[in-house]
Amino acid sequence: MPDLEKVVHEIAEEMRAYEDRGRVASYIPELARVDPKNFGIAVIAADGTLAAGGDCDRPFSIQSISKVFTLTLALGKAGDRLWTRVGREPSGNPFNSIIQLELENGVPRNPFINAGAIAVTDVILSGHAPRSELGEILRFVREAAGDDTIYIDEHVAQSEKRTGYRNIALANFLKSFGMLENPVENVVGTYFHHCAIAMTCRQLAVAGRYLAHSGRNPGTGYNIVSAERARRINALMLTCGHYDGSGEFAFRVGLPGKSGVGGGILAVAPGQASIAVWSPGLDEAGNSKLGRIALEKLAQRMKWSIFGE
Ligand code: GLN
């Protein structure tokens with residue numbers, strides 16, 4: 001097997017030289033302030049070896065990557081009933097699109113587009129006050145990462161709350177179809193806050209280990225979800241994790257991955273490694289530009305694509 005440490009350092013070095021780094025998300029004002037020069041990478045292999053480089057210890061806003069964790073919680077709570085609320089097909093549309101939602105009667109295409117993630121948040125919120133549910137989400141992430149210092153960046157949450165007209169519209173639309181159990185305000189408030197969780201690449205790579213190892217965190221030995229559930233979450237990450245850029249991501253990287261507009265990507269090489277990359281500049285589909293390039297190089301050099309060498 002190629003030397004992971006060496007490959008990760010090479011990639012961190014190569015990424016430093018890139019001129020065209022994409023554009024930092026500006027529709028959430030607080031995210032627009034992040035320096036596009038940041039690049040971080042952390043990879044944790046099956047045996048626990050961790051290779052990291054660049055700005056791997058600087059916390060960033062995980063944004064939509066949090067949808068992987070809320071989906072895990074929602075499946076734990078509702079099981080297969082979740083699929084009456086949200087579909088499992090790629091949308092072929094931008095992450096914040098509203099068009100399909102009307103045509104498909106308020107059942108969002110998948111849990112990773114915003115409408116779908118808002119429906120998932122509604123499911124986990126039922127029976128809880130928003131504050132206690134947020135506590136549950138944060139506890140889950142901290143436990144998966146083995147790190148109690150992980151926090152919610154309140155500035156980012158408030159910044160999105162002030163400007164999140166489209167997500168509020170999506171939630172109202174869902175409500176109009178009778179597809180939200182809780183008040184719109186509580187659902188979007190919880191959604192904005194879980195998107196505002198801040199993590200470093202190192203923390204995120206560790207948190208994703210259960211997806212790489214059949215639902216089990218090999219660090220603690222705990223089963224977080226069943227092997228079947230982990231496999232299914234990975235399938236959704238592969239087909240829907242990059243919105244209308246999911247096909248391109250599968251074509252180039254060949255790994256299940258979930259991106260966020262903060263510029264992070266969590267990727268899973270099943271049986272091999274959990275990987276987090278971060279570079280705030282985005283491509284046209286709202287996915288990290290350099291993050292994708294770095295993952296393409298990593299998968300190629302480590303021969304980790306799920307589709308073969
Ligand atoms: N909080 C962001 C939003 O709802 C998440 C989007 C993303 O990361 N793609 O717009």
Side-chain angles (χ1 to χ4, degrees), residues 22-34 59-71 86 90-99 101 108-122 125 130 134 137-138 141 152-174 180 184-199 204 208 236-237 239-246 248-249 257-267 276-289 291-292:
R23 290 169 61 120
V24 174
S26 57
Y27 74 99
I28 301 175
E30 199 68 18
L31 294 184
R33 299 161 28 139
V34 181
F60 62 90
S61 192
I62 68 167
Q63 291 295 320
S64 286
I65 303 170
S66 63
K67 296 171 183 173
V68 173
F69 304 126
T70 51
L71 172 64
V86 64
S91 72
N93 279 316
F95 64 89
N96 55 7
S97 173
I98 201 166
I99 295 174
L101 202 52
R109 270 287 170 102
N110 66 66
F112 292 149
I113 51 171
N114 287 8
I118 290 168
V120 166
T121 301
D122 181 60
L125 191 55
L134 261 182
I137 298 169
L138 192 58
V141 173
I152 293 175
D153 186 329
E154 193 60 34
H155 294 291
V156 173
Q158 292 305 329
S159 181
E160 182 164 14
K161 197 172 171 189
R162 275 195 299 276
T163 54
Y165 303 110
R166 194 179 271 254
N167 285 322
I168 295 164
L170 286 168
N172 275 298
F173 215 68
L174 285 165
L180 285 190
V184 165
E185 206 184 311
N186 293 359
V187 179
V188 292
T190 307
Y191 172 79
F192 292 148
H193 278 83
H194 74 61
C195 285
I197 294 174
M199 291 172 85
L204 189 57
L236 287 161
M237 287 169 73
T239 53
C240 312
H242 283 70
Y243 318 109
D244 46 343
S246 298
E248 186 71 6
F249 188 83
K258 182 74 209 80
S259 72
V261 289
I265 303 176
L266 171 64
V277 291
W278 171 52
S279 174
L282 308 177
D283 64 17
E284 303 69 45
N287 302 312
S288 175
K289 185 159 182 156
R292 202 264 291 139

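Just so you know, ligand 1 is whichever comes first in the structure, and atom 1 is the first atom listed for that ligand.
Although no hydrogens or angles enter the test, the distance criterion places no donor-acceptor pair under 3.5 Å between the side chain of Asn186 and the main chain of Gly189.
Checked options Glu154, Arg162, Glu160; the residue passing with Gln158 is Glu154 (criterion: side chain to side chain donor-acceptor pair (under 3.5 Å)). Checked options Asp153, Ile137, Ile65; the residue passing with Ile197 is Ile137 (criterion: side chain to side chain contact (heavy atoms under 4.5 Å, CB included)).
In terms of the side chain to side chain contact (heavy atoms under 4.5 Å, CB included) criterion, residue partners of Val184 (sequence neighbours excluded) are, by chain and number, Ala171, Asn172, Lys175, Leu180.
Between His242 and Phe249, the ring planes are parallel. Angles under 30° get that label, and only those over 60° would be called perpendicular. Under the 30°/60° scheme for interplanar angles, the aromatic rings of Trp278 and Phe60 are found to lie parallel.
When heavy-atom distances to ligand 1 are checked against 4.0 Å, the residues falling inside are Tyr27, Gln63, Ser64, Phe95, Asn114, Glu160, Asn167, Tyr191, Cys195, Tyr243, Gly260, Val261, ordered by chain and number.
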